[in-house]
Number of protein chains: 2
Amino acid sequence: MFQVRGLDSRQPVLNVLLWQRALEPERGKWSLPGGRLRDDEDLISSIRRQLAEKVDVQQLAHLEQLAVFSAPDRVPGPRTIASTFLGLVPSPATPELPPDTRWHPVNDLPPMAFDHAPMVEHARTRLVAKMSYTNIGFALAPTEFVLSSLRDVYSATLGYQVDTTNLQRVLERRNVITRTGTTARSGRSGGRPAALYRFTEARYRVTDEFAALRPPG
Amino acid sequence: MFQVRGLDSRQPVLNVLLWQRALEPERGKWSLPGGRLRDDEDLISSIRRQLAEKVDVQQLAHLEQLAVFSAPDRVPGPRTIASTFLGLVPSPATPELPPDTRWHPVNDLPPMAFDHAPMVEHARTRLVAKMSYTNIGFALAPTEFVLSSLRDVYSATLGYQVDTTNLQRVLERRNVITRTGTTARSGRSGGRPAALYRFTEARYRVTDEFAALRPPG
DNA sequence: CCAAAAGTGTTATCCTTACACCCATGA
DNA sequence: TCATGGGTGTAAGGATAACACTTTTGG
């Protein structure tokens with residue numbers, strides 16, 4: 001589960017939700033949330049159930065299947081196969097967390113249990129790719145937002161500075177974002193009030209199969 | 001497993017290898033090759049083992065994980081989860097097939113067992129997407145080839161007519177294909193002899209994250 | 001010499017980045 | 001009226017599709 005955190009600060013950062021193991025093996029290391037699949041549920045239902053134990057699942061705006069990790073010795077004990085998912089939580093949400101659970105910046109991960117570090121890396125790669133040619137940003141941004149906030153969401157996720165002006169035009173041309181018509185109040189230090197936007201659709205969609213958001217330079 | 005078949009004919013076509021069920025349930029319908037995972041192997045090893053029973057696995061140039069199908073009732077009997085893979089066989093290869101196994105054009109599938117039809121559709125979508133921004137064509141094309149053959153491979157896979165000239169320049173600029181220096185003999189009806197090419201790398205590689213092969217029009 | 005197939009040159013178009021400039025607001 | 005951020009205009013660059021034109025071969 002990813003979320004862009006610190007949208008009000010100067011440097012918002014993409015975070016991942018981790019859970020610290022209380023027992024051996026790998027005690028003290030951090031894990032992705034998850035658990036066993038029951039016989040009467042499919043993987044998506046299972047993941048939703050697992051996550052419900054950690055957070056308010058209502059806040060999960062997107063959930064998508066990723067790779068399967070199946071090395072026979074990936075965890076000690078009986079053979080276990082991990083099917084990983086990408087979950088996204090919109091930015092202003094602040095889910096209640098159990099005490100053993102914390103958000104961690106993806107660029108500064110703590111010691112990770114088993115093969116969970118490559119899992120996070122893989123998930124981030126998929127997310128970055130999809131920011132280019134889908135409207136997946138809806139699942140990370142607030143329902144209504146100012147362009148500079150959206151730019152922060154994209155910058156934090158992609159890992160490089162995005163130009164607000166061009167982001168606006170690219171997303172407007174693709175009809176990914178829409179003006180609400182209202183404007184936000186200007187900050188305490190003055191400045192022109194910004195127009196409010198929302199995502200045109202609050203459902204995952206491939207907006208332009210061949211589109212690109214290129215890094216600067 | 002996909003292969004472009006009929007490269008020498010006027011209209012080469014993308015095919016998928018299917019196997020006809022001899023027993024209930026779904027007797028007579030066609031299945032993707034596969035089988036159960038053993039405790040001491042990971043998914044890739046397992047798939048290679050399963051396929052070895054159908055074809056010469058040496059001819060498998062690319063193998064890649066796709067989606068997991070996990071609906072509890074997707075097959076009758078005990079709960080079974082299917083992890084699907086995309087396998088590619090280069091074009092001139094003609095693997096020996098068991099009698100219950102046949103190549104079928106992906107655009108004209110026979111009655112499919114269980115949820116195997118959407119599996120094929122999903123695999124083809126992934127393949128088409130990857131033709132644009134990776135060198136995955138190496139796994140479908142002959143080791144050495146003439147540009148018009150490569151155009152046929154791309155056309156069959158993508159499902160629309162590709163322009164030879166532009167394909168050449170796109171792939172050369174990305175350094176995906178290389179001239180061998182030799183030329184093929186011209187056909188019986190005359191014509192200038194064509195230069196032979198090969199793929200620069202015989203390993204899967206993302207060549208240009210933001211590249212596109214757009215359909216005509 | 002002609003048909004056929006391969007290969008090259010050139011243009012038009014589209015998308016995106018970069019950046020200068022204008023606009024609206026609070027103090 | 002000035003600083004601050006928001007918004008628009010415009011130009012430049014890069015990649016691709018379209019297509020006319022040239023080259024090389026067999027009959």
Side-chain angles (χ1 to χ4, degrees), chain A residues 7-10 131-134 144-152 154-155 158 160-197 206-217, chain B residues 7-10 131-134 144-152 154-155 158 160-197 206-217:
Chain A
L7 248 199
D8 297 328
S9 72
R10 38 191 143 252
M131 293 293 278
S132 258
Y133 63 90
T134 75
E144 291 204 348
F145 48 85
V146 151
L147 278 177
S148 55
S149 297
L150 188 64
R151 182 239 305 140
D152 288 342
Y154 273 75
S155 297
L158 294 173
Y160 54 78
Q161 227 43 41
V162 173
D163 181 296
T164 321
T165 299
N166 296 329
L167 183 67
Q168 172 194 15
R169 276 190 285 229
V170 167
L171 296 183
E172 270 182 342
R173 174 156 38 78
R174 297 188 199 156
N175 196 27
V176 170
I177 58 175
T178 312
R179 285 185 124 100
T180 63
T182 50
T183 57
R185 282 239 281 288
S186 50
R188 33 213 141 306
S189 57
R192 177 171 169 177
L196 283 171
Y197 284 79
V206 172
T207 54
D208 182 349
E209 202 178 342
F210 303 116
L213 289 175
R214 276 186 256 279
Chain B
L7 247 199
D8 297 328
S9 74
R10 39 189 143 256
M131 293 294 278
S132 258
Y133 64 91
T134 74
E144 291 204 349
F145 49 85
V146 150
L147 278 177
S148 55
S149 298
L150 189 65
R151 183 240 304 139
D152 289 343
Y154 273 75
S155 297
L158 294 173
Y160 54 78
Q161 228 42 40
V162 173
D163 182 297
T164 321
T165 299
N166 295 330
L167 183 66
Q168 171 193 17
R169 277 191 284 231
V170 167
L171 296 184
E172 271 182 339
R173 176 155 36 77
R174 296 188 199 157
N175 196 27
V176 169
I177 58 175
T178 312
R179 284 184 124 101
T180 64
T182 50
T183 57
R185 281 238 282 288
S186 50
R188 34 217 140 304
S189 56
R192 176 170 170 175
L196 284 171
Y197 284 79
V206 173
T207 54
D208 183 348
E209 202 178 343
F210 302 116
L213 289 176
R214 276 185 257 276

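Labels below follow one simple rule: chain letters A, B, ... track the order of the sequence lines, proteins then strands, and each chain is numbered from 1. Every value quoted in this text rests on a predicted model; they were computed, and no experiment measured them.
Heavy-atom distances to DNA chain D give each of B:D163 and B:D208 a nearest nucleotide, and the one nearer the 5′ end belongs to B:D208. If you find the closest nucleotide of DNA chain C to A:F210 and to B:R151, the one lying nearer the 5' end belongs to B:R151.
Closest to the side chain of B:V170, out of D:dA18, D:dT16, C:dA18, is D:dT16. Distance from the side chain of A:R169 is smallest for D:dT10 among the nucleotides D:dT10, C:dT17, D:dT25. Comparing C:dT8, C:dC19, D:dT8 by their closest approach to the side chain of A:N166 singles out C:dC19. Here the side chain of B:R173 is nearest to one of C:dA24, C:dT16, D:dA15, namely D:dA15. For A:T165, taking side-chain heavy atoms from C-beta onward, the closest of the listed nucleotides C:dT8, C:dT16, C:dC19 is C:dC19. Each of C:dG7, D:dT8, D:dG6 was ranked by its minimum atom distance to the side chain of A:Q168; first place goes to D:dT8.
Side chain B:R192 to base D:dT23: a donor-acceptor pair is found below 3.5 Å.
Here A:R174 lies in heavy-atom contact (under 4.0 Å) with sugar-phosphate atoms only. Across all strands, A:S148 comes closer than 4.0 Å only to sugar-phosphate atoms, never to a base (heavy-atom distances).
In plain terms, the two heavy atoms of B:F145 and B:L150 that are nearest each other are CE1-CD2, 3.7 Å.
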